[in-house]
Trainee: 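If you scroll down you'll find the structure; I have some questions about it.
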Amino acid sequence: MKLVFASNNKNKIKEIQSILNGSIQLLSLEDIGCHEEIPETADTIEGNAILKANYVTEKYGYDCFADDTGLEVKALNGEPGVYSARYAGEQKNADDNMNKLLAALKDKSDRSAQFKTVIALNLNEKQHLFTGIAKGEITFNKTGTQGFGYDPIFQPENYTETFAELPLETKNKIGHRGKATQQLIDFLNTIK
């Protein structure tokens with residue numbers, strides 16, 4: 001089975017490919033000649049995943065899936081949420097985003113947070129949604145060099161390391177994107 005993954009984020013593509021483990025032939029946006037930035041204008045994580053998947057299906061005619069992920073921090077009423085990538089501005093800089101978040105939490109005792117990934121799958125003219133959540137808390141400092149985004153300041157439940165300190169295999173098992181992708185794989189296995 002061939003599916004387009006509606007992303008140009010090399011880190012995400014690598015993570016998803018390692019979870020899929022060769023079970024699906026994954027095409028990136030680059031592979032199908034889509035070089036434009038797909039607008040992410042929805043005000044929910046689900047909405048953005050749907051926008052991206054529909055864009056590829058409507059403009060390029062491929063079955064595809066798209067994801068959107070947000071970090072939701074309880075003490076900040078769910079921020080940065082849908083704006084996680086652009087939290088500190090349109091430059092989408094991970095360090096700037098983490099610094100802004102750490103500053104916003106400076107005086108907060110509740111540092112609980114969760115990563116939420118929603119995958120929208122467009123397949124055979126039907127749409128399916130899969131959601132993965134990883135609960136944890138925001139650390140006081142950045143630690144670790146693995147991963148991307150907010151990984152150096154997110155410590156998942158029952159772990160003493162951040163996502164950026166954990167091996168990719170572990171992160172894929174317990175992480176939000178891994179959980180949502182596993183639901184996608186389980187669903188695809190039922191229709192093969």
Trainee: Pair up each side-chain donor or acceptor in residues 70-88 with any protein partner under 3.5 Å, not counting sequence neighbours, and list the distances.
Mentor:
residue, atom, partner, partner atom, Å
E72, OE1, Q114, NE2, 2.8
S84, OG, L71, N, 2.8
S84, OG, G81, O, 2.6

Trainee: With sequence neighbours excluded, what pairs up with K108 under the salt bridge (charged side-chain N to carboxylate O under 4.0 Å, His left out) test?
Mentor: none
Trainee: Look at the rings of F5 and F65 and say which category their plane angle falls in: under 30° parallel, 30 to 60° tilted, over 60° perpendicular.
Mentor: parallel
Trainee: Would F115 and L105 show up in the same hydrophobic cluster when neighbours are defined by side-chain heavy atoms closer than 4.5 Å?
Mentor: yes
Trainee: Atom OG1 in T44, atom CG in D68: separation rounded to 0.5 Å?
Mentor: 8.5 Å
Trainee: Taking atom NZ of K100 as the centre, report whether more than 12 heavy atoms of other residues, nucleotides or ligands fall under 6.0 Å from it.
Mentor: yes
Trainee: Test of understanding: with side chain to side chain contact (heavy atoms under 4.5 Å, CB included), list the residues that count as partners of P156, not counting sequence neighbours.
Mentor: F154, Y159, F163, L166, I174
Trainee: Please find the pair of heavy atoms, one from A42 and one from G47, that lie closest to each other, and give the distance.
Mentor: CB-C, 3.4 Å
Trainee: Got a sec, which residues hit salt bridge (charged side-chain N to carboxylate O under 4.0 Å, His left out) with K142, two or more places apart in sequence or on another chain?
Mentor: D95
Trainee: Give me the other members of the hydrophobic cluster that Y55 sits in, counting Ile, Leu, Val, Met, Phe, Trp and Tyr linked by side-chain heavy atoms under 4.5 Å, directly or via other members.
Mentor: V4, L27, L29, I32, I38, V56, Y60, Y62
Trainee: Just how far is it from atom CD of Q25 to atom NZ of K2, taken to the nearest 0.5 Å?
Mentor: 5.0 Å
Trainee: So does S112 get a backbone contact from the side chain of D110, meaning a donor-acceptor N/O pair under 3.5 Å?
Mentor: yes
Trainee: Side chains of L188 and I24, heavy atoms from C-beta outward: is any pair under 4.5 Å?
Mentor: yes
Trainee: Say whether, by atom type as modelled, one donor and one acceptor occur between the side chain of D63 and the main chain of L3 under 3.5 angstrom.
Mentor: no
Trainee: Same cluster or not: I50 versus F187, using hydrophobic residues (I, L, V, M, F, W, Y) connected whenever any side-chain heavy atoms lie under 4.5 Å apart?
Mentor: no
Trainee: Which heavy atom in A66 sits nearest to a heavy atom in A6, and how many Å separate them?
Mentor: CB-CB, 3.7 Å
Trainee: Among side-chain atoms of Q127 and N54, is any donor-acceptor pair under 3.5 angstrom?
Mentor: yes
Trainee: Using 0.5 Å steps for rounding, measure from the NE2 atom of H128 to the CD atom of Q183.
Mentor: 13.0 Å
Trainee: The criterion is side chain to side chain donor-acceptor pair (under 3.5 Å); which residues satisfy it with N93, sequence neighbours excluded?
Mentor: none
Trainee: Closest heavy-atom contact between G132 and A180?
Mentor: N-CB, 3.6 Å
Trainee: Do E36 and K59 pass the side-chain contact (heavy atoms from CB on, under 4.5 Å) test, and can you show the C-alpha distance, the side-chain angles, and the key distance before you say yes or no?
Mentor: CA-CA 11 Å; E36 62 267 29; K59 278 198 109 164; 4.0 Å; yes
Trainee: Does D31 reach the main-chain N or O of S28 with its side chain, forming a donor-acceptor pair under 3.5 Å?
Mentor: yes
Trainee: How close do N9 and F148 get, heavy atom to heavy atom, and via which atoms?
Mentor: ND2-CE1, 4.2 Å
Trainee: Spell out, as yes or no, whether a donor-acceptor pair under 3.5 Å connects the side chain of T181 to the backbone of I16.
Mentor: no
Trainee: Checking D67 now: which residues fulfil salt bridge (charged side-chain N to carboxylate O under 4.0 Å, His left out) with it, not counting sequence neighbours?
Mentor: K12, R177
Trainee: What residues, two or more places apart in sequence or in another chain, satisfy salt bridge (charged side-chain N to carboxylate O under 4.0 Å, His left out) together with E40?
Mentor: K52
Trainee: Applying side chain to side chain contact (heavy atoms under 4.5 Å, CB included), name anything that partners L168, two or more places apart in sequence or on another chain.
Mentor: E15, S18, N172
Trainee: Does the side chain of T41 reach to within under 4.5 Å of the side chain of L51, using non-hydrogen atoms?
Mentor: yes
Trainee: Sequence neighbours left out, what passes side chain to side chain donor-acceptor pair (under 3.5 Å) with R111? Give chain and number order.
Mentor: none
Trainee: Output all residues satisfying side chain to side chain contact (heavy atoms under 4.5 Å, CB included) with T131, sequence neighbours left out; order by chain, then residue number.
Mentor: K116, V118, I133
Trainee: List the residues meeting side chain to side chain donor-acceptor pair (under 3.5 Å) with E30, not counting sequence neighbours, and say none if there are none.
Mentor: K10
Trainee: Could you walk me through whether D96 and Q91 pass the side-chain contact (heavy atoms from CB on, under 4.5 Å) check?
Mentor: CA-CA 9 Å; D96 294 348; Q91 74 278 16; 2.9 Å; yes
Trainee: Have Q146 and D151 got a donor and an acceptor in their side chains that come within less than 3.5 Å?
Mentor: no
Trainee: Could you pull out the closest heavy-atom pair between A53 and C64, with the gap in Å?
Mentor: O-SG, 3.3 Å
Trainee: Kindly work out whether a path of hydrophobic side-chain contacts (I/L/V/M/F/W/Y, heavy atoms less than 4.5 Å apart) joins L184 to I191.
Mentor: yes
Trainee: Roughly how far apart are K106 NZ and L102 CG, rounded to 0.5 Å?
Mentor: 11.5 Å
Trainee: With rounding to the nearest 0.5 Å, note down the distance linking OG1 in T139 to CE in M98.
Mentor: 9.5 Å
